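These figures come from a predicted structure and were not determined experimentally.
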There are 2 protein chains.
Amino acid sequence: MDQDKLSLTFSALGDPTRRAILVRLSMGEASVSELAKPFMKEMSAPAITKHLKVLEKAGLITKSREAQWRQCKINGEPLREVSDWIEHYRVFWEESFDRLDEYLKTMTTKTTKKGKKNVRKK
Amino acid sequence: MDQDKLSLTFSALGDPTRRAILVRLSMGEASVSELAKPFMKEMSAPAITKHLKVLEKAGLITKSREAQWRQCKINGEPLREVSDWIEHYRVFWEESFDRLDEYLKTMTTKTTKKGKKNVRKK
DNA sequence: TGGTTAATTAACCGATAGGTAAAATATGGA
DNA sequence: TCCATATTTTACCTATCGGTTAATTAACCA
């Protein structure tokens with residue numbers, strides 16, 4: 001039933017509330033109610049609990065008990081995987097710009113040189 | 001009603017079919033039916049159309065008419081924005097590892113200590 | 001003109017997402 | 001022991017998601 005990890009991570013990041021929570025957590029650990037504070041006007045505590053569950057399932061945060069509070073902590077690993085996925089294909093989708101760029105240059109200056117960098121096989 | 005751009009992009013990337021389509025497009029332009037080919041056993045043409053609409057709305061692809069075919073092309077800009085968002089906070093979430101690392105080091109080398117950094121109030 | 005192919009739209013479906021209010025649970029402290 | 005606080009669970013709601021089939025639109029071609 002469950003999605004692959006990358007999908008879970010991307011989906012978890014696809015919500016502004018959850019991204020804001022992560023940004024907050026990137027400054028340091030925080031309890032659930034500390035995290036909820038900025039959203040209290042807009043949404044209820046159970047809503048935050050649900051968002052945290054989504055983040056937890058994606059491995060983006062971990063929770064630990066500390067008295068009656070739950071301390072939440074960011075976990076960078078899934079973020080690294082997202083970053084890696086994007087960077088892995090970056091050369092390819094950046095290239096389309098290079099090609100367009102080169103094409104435009106050829107059109108305007110009529111320089112038909114070959115052996116340029118960034119030109120991929122056909 | 002519509003979400004912010006970053007949310008649209010992350011959500012669009014949160015589906016393995018759509019990521020596969022992007023990976024394919026990172027190798028070069030393709031028509032809808034070319035893109036659909038690898039998924040024909042698993043899903044119908046309208047399903048692909050819908051996925052492409054999601055990608056298009058996120059600005060991840062553009063479509064152009066070419067005879068009876070629609071050529072699809074990847075657009076790197078939203079990917080760059082995602083990448084930038086992650087990299088912008090990278091220093092912070094990477095830091096938690098450094099801190100943990102340091103904490104573990106302190107714990108294993110000298111175990112009593114008060115006034116340690118990272119020990120939070122109660 | 002009519003037929004074929006490419007792609008989309010329309011209408012529908014079940015599952016999931018994101019929210020709520022109210023009740024339940026867990027813990028520390030008087 | 002009882003209360004207050006923090007957090008989660010339950011039950012519910014509506015909207016969106018990801019898929020379907022059937023019908024529709026668009027362009028080429030003979």
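When heavy atoms are screened at a 4.0 angstrom cut-off, B/Glu66 is found touching no nucleic acid atom at all. Backbone-only engagement by B/Ser31 is indicated by non-hydrogen atom pairs under 4.0 Å involving sugar-phosphate atoms exclusively. Heavy atoms of B/Glu34 sit nowhere under 4.0 angstrom from any nucleic acid atom. Contacts of B/Ala67 with the nucleic acid, taken as non-hydrogen atoms under 4.0 Å apart, involve only primed sugar atoms and P, OP1 or OP2.
Note: CZ (A/Arg70) to C1' (C/dG28) measures 15 Å, nearest angstrom. Atom pair A/Gln68:CD and C/dA26:P shows a separation of 14 Å (rounding to whole Å applied). Nucleotide C/dT8 holds its P atom 6 Å from the NZ atom of B/Lys53, rounded to whole Å. Separating the CG atom of A/Leu55 from the P atom of C/dA17 is a distance of 13 Å, rounded to the nearest angstrom. Rounding to whole angstrom units, CE of residue A/Met40 and P of C/dG19 are separated by 16 Å. Rounded to an integer number of Å, the gap from A/Met43 CE to C/dT20 P is 7 Å. Note: CD (B/Glu56) to P (C/dA7) measures 13 Å, nearest angstrom. As rounded to whole Å, 4 Å separates atom P of D/dT8 from atom NZ of A/Lys63.
Judged by distance alone, with hydrogens and angles left aside, the side-chain atoms of A/Asn75 form a donor-acceptor pair with the main-chain N or O of A/Gly59 at under 3.5 Å. For A/Ser26 (side chain) and A/Val23 (main-chain N/O), a donor-acceptor pair under 3.5 Å exists by modelled atom type.
The side chain of A/Lys50 contributes no N or O atom lying less than 4.0 Å from OP1 or OP2 of D/dT9. Note on A/Thr49: every side-chain N or O is 4.0 Å or more away from OP1 and OP2 of D/dT7. For A/His51, a side-chain nitrogen or oxygen approaches OP1 or OP2 of C/dG19 to under 4.0 Å.
Annotation: salt bridge (charged side-chain N to carboxylate O under 4.0 Å, His left out) contacts involving residues 13-22 of chain B, sequence neighbours excluded, comprise A/Asp4-B/Arg19.
With C/dA7, C/dT27, C/dT20 as the candidates, the nucleotide lying closest to the side chain of A/Arg65 is C/dT27. Comparing D/dG18, D/dT21, C/dA6 by their closest approach to the side chain of B/Ser33 singles out C/dA6.
Pairing each heavy atom of A/Leu52 with each of A/Ile61, the nearest pair is O-CD1, 3.7 Å. In terms of heavy-atom proximity, B/Phe10 sits nearest to A/Gly14 at CB-CA, 3.5 Å.
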